[in-house]
Amino acid sequence: LDFENKETSDNARQMINKAFWNIKEPIRVVFSNQVCQDCGQKGDERLISDFCHEAKSEVERKFFSSYLPKKSVCSSCQEDWSRKIFGRWSFTEGLPCVRIRNRKDIKQGETMARGK
């Protein structure tokens, strides 16, 4: 589909609506909601974004580096990696930085994950 072409999008929308109207009996849809432990996305894997973080790497901390273990960060964007604090997940704050699937959809300026 050419999503930039309004006629194509309208035609696709009509086809989808027609298919929905032809459904005679209820259809059971099962969602398997999960949480990505790298970026915190929540939802069914089939519906969440194709983007995430690359791979975990460890760097020295700014403060108390001789007392505290190295800090885990994303190898691509250098944002904090997810971690569990008092039983609750804390996720990276930056936007997911690399495409992790659908290699054919990669656009200029995007990075394809090496480690996913």
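- Legend: side chain to side chain donor-acceptor pair (under 3.5 Å) pairs involving residues 14-26, not counting sequence neighbours: none detected.
- Closest heavy-atom contact between S32 and R46: N-NH2, 4.4 Å.
- Under the rule for a side-chain contact (heavy atoms from CB on, under 4.5 Å), the partners of L47 that lie at least two apart in sequence or sit in another chain are F31, D44.
- The side-chain contact (heavy atoms from CB on, under 4.5 Å) search around S66 returns none, not counting sequence neighbours.
- The distance from the NZ atom of K71 to the OG atom of S65 is 12.0 Å, given to the nearest 0.5 Å.
- Sorted by first then second residue, the salt bridge (Lys or Arg N to Asp or Glu O under 4.0 Å) pairs that include residues 26-36, not counting sequence neighbours, number zero.
- Residues passing the side-chain hydrogen bond (donor to acceptor under 3.5 Å, both in side chains) test with K70, sequence neighbours excluded: none.
- Remark: I23 pairs with F20, I27 by the side-chain contact (heavy atoms from CB on, under 4.5 Å) rule, at least two apart or across chains.
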